[in-house]
S.K.: 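Provided herewith is a single structure, encoded as structure tokens, for subsequent inquiry.
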Amino acid sequence: MKLDLLGSRRRTHYCGHLRPSHAGQKVFLAGWVARRRDLGSIIFLDLRDHTGVTQVVCRPEISAEAHHKAEDVRAEFVVGVEGEVVARTPDTVNPQIATGEVEVLAHRLLILNEAKTPPFPLDDEGRTSEETRLRYRYVDLRRARLQHHLRLRHRAAMAVREHLAGHGFVEIETPFLTRSTPEGARDYLVPSRVHRGHFYALPQSPQLFKQILMIAGFDRYFQIVRCFRDEDLRADRQPEFTQIDIEMAFPIREELFNIVEELIEKLFALVEVRVQRPFLRLPYGAAMERYGSDKPDTRFGLEWKLLTCPPELAEKLQLAALKALRVPKEAGMSRAQLDKLQELARTAGADWFSYAKVGQEALQSPLSKLSGDDVLQRLAGQVEARAGDLVLFLALKNSDTSDGGPPLPALRRLDEASGEIRLELARKLELLNSKTWNFLWVTDFPMFEYDPAEKRFAAMHHPFTSPREEDFDKLEFDPATVRARAYDLVLNGSEIGGGSIRIHRGDIQQRVFRVLGLTPEKARERFGFFLDALEYGTPPHGGIALGWDRLIALMCGESNIREVIAFPKTASAVDLMCDAPSSVEPEQLRELGLRLVE
RNA sequence: GGGGACGUAGUUCAGCUGGUUAGAACGCAUGCCUGUCACGCAUGAGGUCGCGGGUUCGAGCCCCGUCGUCCCCGCCA
């Protein structure tokens with residue numbers, strides 16, 4: 001096919017912008033052919049660009065050449081149209097599209113490029129398999145939905161820059177080729193050609209660089225930055241993802257919260273959501289007890305309560321800890337559903353599950369024979385159960401806390417099971433409102449988490465998080481109870497950010513490393529440059545990182561972050577479009593001093 | 001590393017208890033059509049049933065293996 005040249009023609013309007021007020025104007029439009037309707041002696045083309053669609057009319061009596069060319073046009077051809085905007089007669093107006101009151105009468109049609117038949121229809125909204133979409137991502141991205149998401153992402157990034165710059169934050173880039181720090185996630189490694197046998201690592205986050213920028217006197221820093229983690233993927237996890245990374249010197253926690261809350265407020269204004277401020281603050285302990293989660297979804301009630309267990313029941317059942325949840329008006333729940341909850345409780349790690357249905361007169365429960373109705377009444381009373389309610393009980397048995405290890409992991413299991421039951425109930429009872437946006441700060445995380453497999457403590461946030469000052473003395477004697485100055489930002493049950501006030505004193509940093517089982521030698525080997533930097537006048541500092549992909553996905557109403565990333569990877573970390581990762585030439589390996597084994 | 005779901009035309013899917021020549025819709029091609037806008041009508045092309053092996057007289061269907069995609073657990077300081 002003979003193609004036309006664009007020449008010096010300049011687009012005068014976008015396809016989605018024409019209105020009756022443009023009638024009579026000569027215009028030049030350019031875009032992709034969304035659809036061709038050939039009625040013989042009249043051919044309609046729907047011309048599309050990112051703003052929308054305009055109907056182009058090709059009639060032989062206006063231009064025989066344009067009409068003739070339109071016969072060859074197919075879907076996704078790139079064309080330019082020179083013509084006149086005309087108002088449609090009332091009976092031909094299309095109210096379904098923004099430009100439906102006008103059309104462009106083609107005086108001249110330029111076929112700028114042809115296109116293969118698209119591998120899938122562009123207007124099918126989510127019916128094409130993701131595999132096919134990702135393979136032909138350039139076609140997929142033409143869809144209005146993805147255009148919207150990525151353009152919103154762009155405007156959101158602009159808002160971030162404007163907001164943070166307005167608060168005195170400076171955007172500074174940090175290296176991608178950096179040093180491996182084996183703590184935390186698996187690193188992506190990049191072999192050095194110049195230094196054979198040595199490797200760079202792609203950053204899991206710019207954590208140490210941003211702290212060093214504080215030491216360097218930059219006072220307030222931010223970056224919209226790519227991070228890399230070589231771990232298994234999920235719907236909300238990609239091997240490379242973006243963070244809004246923020247750090248400030250001489251931090252007041254409330255000031256940081258305020259800056260972030262304001263930012264969130266501005267971001268959600270972009271999608272016409274007014275957020276409630278200030279955000280709720282919830283200590284970690286309360287979150288775990290009441291919601292069974294460190295990222296509670298507070299769009300619905302269903303709060304657990306830790307009960308004081310009547311001794312006779314505790315004795316009989318060997319209960320070590322007992323939680324209860326009042327489910328209003330659900331006394332009618334079926335045995336089958338309750339059995340499912342019991343099964344969930346078991347697999348989620350609780351030792352014991354039971355329930356009571358509150359009637360007008362009496363309680364109905366498998367427990368009543370065992371405990372007697374008065375004991376049951378007292379338990380139900382502790383959660384203020386009323387007639388018609390269902391009360392769920394969840395417990396930990398004695399044997400589990402007496403195995404010598406710290407009792408916390410066991411309690412944690414109970415809490416986590418309670419959290420899963422809570423979420424399952426919310427789904428089953430359809431309590432999740434997609435129009436509600438509940439932000440909250442979870443604060444006062446434990447500093448350390450005991451890892452039974454490795455038989456050591458691990459940092460819950462990261463090893464540069466400051467313990468609360470009043471807990472400094474417990475570092476060596478009771479690390480499990482040391483609280484961190486760490487906080488997470490949570491939205492509707494998703495963690496969208498996390499940060500902390502950092503350690504700015506070398507002595508405290510060394511003590512924390514020691515709790516983590518890092519000898520001074522090991523610490524020096526891994527973080528020597530950072531420990532050195534700490535010695536040269538480190539101001540108190542702290543910050544936060546927001547999960548940008550997750551945040552944008554939530555703003556777009558998407559549950560999968562691939563929908564807000566232009567070129568995402570599959571669950572096995574493959575880019576289906578460019579087929580990465582790939583093998584490389586033997587010469588490339590030779591240069592790097594690498595040899596493949598097996 | 002583990003569990004679950006899926007894999008059939010370009011796309012989305014159907015395909016019974018293993019039985020003749022594997023179907024539908026959309027898309028595509030060709031022709032007709034002057035007001036369509038998911039145009040319509042007619043005709044037609046299009047299949048490595050993911051791949052390899054096995055069972056069977058016979059496999060899209062059963063078995064084993066393998067690859068790929070999605071979801072979840074572990075993992076993700």
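Numbers restart at 1 for each chain; the letters A, B, ... are given by sequence-line order, proteins then strands.
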S.K.: Looking only at N and O atoms, is any donor in the side chain of Asp232(A) or the base of G74(B) less than 3.5 Å from an acceptor on the other one?
M.R.: yes

S.K.: Only pairs with both distances under 3.5 Å count, Watson-Crick or wobble alike; so what is the partner of U66(B) in this structure?
M.R.: G50(B)

S.K.: Please give the distance between the P atoms of G19(B) and G15(B) as a whole number of Å.
M.R.: 13 Å

S.K.: I'd like to know whether Gln55(A) forms a side-chain hydrogen bond (donor to acceptor under 3.5 Å, both in side chains) with Asn94(A), so could you lay out the CA-CA distance, the side-chain angles of the two residues, the decisive distance to 0.1 Å, and finally the verdict.
M.R.: CA-CA 10 Å; Gln55(A) 174 164 281; Asn94(A) 181 354; over 6 Å; no

S.K.: Please state whether the rings of Phe464(A) and His462(A) are parallel, tilted or perpendicular, taking 30° and 60° as the class boundaries.
M.R.: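 Tilted.
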
S.K.: For U55(B), give the paired nucleotide (Watson-Crick: N1-N3 plus N6-O4 or O6-N4; G-U: N1-O2 and O6-N3; both under 3.5 Å), or none.
M.R.: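 Here U55(B) is not engaged in any pair, so there is no nucleotide opposite it.
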
S.K.: Ile42(A) CD1 to U36(B) C1': how many Å, rounded?
M.R.: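 Those two atoms, CD1 and C1', are 8 Å apart.
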
S.K.: Which value, in whole Å, describes the distance between the C1' atoms of nucleotides G27(B) and C39(B)?
M.R.: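 Their C1' atoms lie roughly 15 Å apart.
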
S.K.: For nucleotides 27-33 of chain B, give me one character per nucleotide, 5' to 3': B if any protein heavy atom sits under 4.0 Å from the base, S if the only such contacts are to the sugar-phosphate, - if neither.
M.R.: SSSS--B

S.K.: Need to verify one output field. Residue with the more 5' nearest nucleotide on RNA chain B, Asp236(A) or Thr132(A)?
M.R.: Thr132(A)

S.K.: Does either side chain, that of His149(A) or that of Glu558(A), offer a donor lying less than 3.5 Å from an acceptor on the other one?
M.R.: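 Indeed, the side chains of His149(A) and Glu558(A) share at least one donor-acceptor pair under 3.5 Å.
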
S.K.: Any strand is fair game: report the nucleotide pairing with C41(B) by Watson-Crick or G-U wobble, both distances under 3.5 Å, or none.
M.R.: G31(B)

S.K.: Classify the side chain of Glu103(A) and the base of G35(B) as holding, or not holding, a donor-acceptor pair under 3.5 Å.
M.R.: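 Result: at least one qualifying N/O pair found.
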
S.K.: Would you indicate which nucleotide in C71(B), G35(B), U69(B) comes nearest to any side-chain atom of Thr92(A)?
M.R.: G35(B)

S.K.: Tell me the interatomic distance from Arg234(A), atom CZ, to C73(B), atom C1', rounded to whole angstroms.
M.R.: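 Going from CZ in Arg234(A) over to C1' in C73(B) covers 6 Å.
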
S.K.: Going by distance alone, is a donor N or O of one side chain under 3.5 Å from an acceptor N or O of the other, for Thr481(A) and Asp478(A)?
M.R.: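 Judged by distance alone, the side chains do pair up.
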
S.K.: Can you tell me whether the side chain of Arg135(A) and the base of G68(B) have a donor-acceptor pair closer than 3.5 Å?
M.R.: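 There is none.
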
S.K.: With a cut-off of less than 4.0 Å, is there a side-chain N or O of Asn560(A) near OP1 or OP2 of C70(B)?
M.R.: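 No, outside the criterion.
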
S.K.: Mind checking the C1' distance from C13(B) to G52(B)? Whole angstroms is fine.
M.R.: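 Taking atom C1' in both C13(B) and G52(B), they lie 26 Å apart.
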
S.K.: Return whichever of Phe464(A) or Arg59(A) has its heavy-atom-nearest nucleotide of RNA chain B closer to the 5' end.
M.R.: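 By nearest-heavy-atom nucleotide position, the 5'-most residue is Arg59(A).
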
S.K.: What residue among His504(A), Arg502(A), Gln211(A) forms side-chain hydrogen bond (donor to acceptor under 3.5 Å, both in side chains) with His541(A)?
M.R.: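 Of the listed options, the one satisfying the test is Gln211(A).
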
S.K.: Expressed in whole Å, how much space separates the P atoms belonging to G10(B) and G47(B)?
M.R.: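 That atom pair is separated by 7 Å.
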
S.K.: Write down the distance separating the C1' atoms in G50(B) and A45(B), rounded off to the nearest Å.
M.R.: 24 Å

S.K.: Looking only at side-chain atoms of Ala235(A), point me to the closest of U69(B), U36(B), C72(B).
M.R.: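 Selected nucleotide (nearest to the side chain): C72(B).
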
S.K.: Under the side-chain contact (heavy atoms from CB on, under 4.5 Å) criterion, do His68(A) and Glu65(A) qualify, and how do the steps go?
M.R.: CA-CA 5 Å; His68(A) 184 65; Glu65(A) 197 206 356; 5.7 Å; no

S.K.: Is there a donor on the side chain of Arg127(A) or the base of U12(B) sitting less than 3.5 Å from an acceptor on the other?
M.R.: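 When only heavy-atom distances are counted, Arg127(A) does not reach the base of U12(B) through any donor-acceptor pair under 3.5 Å.
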
S.K.: Look at the side chain of Arg562(A) and the base of C70(B), then say whether one donor and one acceptor between them are separated by less than 3.5 Å.
M.R.: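 Result: no qualifying N/O pair found.
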
S.K.: Hydrogens and angles aside, do Asp245(A) and Tyr221(A) bring a side-chain donor and acceptor to less than 3.5 Å of each other?
M.R.: yes

S.K.: Taking atom C1' in both G60(B) and A22(B), what distance in whole Å separates the two?
M.R.: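 One C1' to the other, the span is 8 Å.
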
S.K.: OP1 or OP2 of U69(B) versus the side-chain N and O atoms of Ser572(A): is any pair under 4.0 Å?
M.R.: yes

S.K.: Determine: side-chain N/O of Gln55(A) to OP1/OP2 of G35(B), distance under 4.0 Å, yes or no.
M.R.: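 Checking G35(B) against Gln55(A), no side-chain N or O comes under 4.0 Å of OP1 or OP2.
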
S.K.: How far, in whole Å, is A59(B) from U17(B) if one measures between their C1' atoms?
M.R.: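 Going atom to atom, C1' in each nucleotide, I get 14 Å.
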
S.K.: Would you mind pulling out the nucleotide paired to C61(B), Watson-Crick or G-U wobble, both distances under 3.5 Å?
M.R.: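 WC or wobble partner does not exist here.
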
S.K.: Identify which nucleotide among U69(B), G10(B), C75(B) has an atom closest to any side-chain atom of Glu131(A), counting heavy atoms from C-beta outward.
M.R.: U69(B)

S.K.: Does the pair His107(A) and Glu84(A) meet the rule for a side-chain contact (heavy atoms from CB on, under 4.5 Å), with working shown?
M.R.: CA-CA 7 Å; His107(A) 294 173; Glu84(A) 183 186 344; 4.0 Å; yes

S.K.: Would you say Phe120(A) stacks on U11(B), if stacking means ring centres under 5.5 Å apart and planes within less than 30 degrees?
M.R.: no

S.K.: Using the side-chain hydrogen bond (donor to acceptor under 3.5 Å, both in side chains) rule, collect all pairs that involve residues 486-497 of chain A, keeping only residues at least two apart or in two chains.
M.R.: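 Listed once each, the pairs would be none.
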
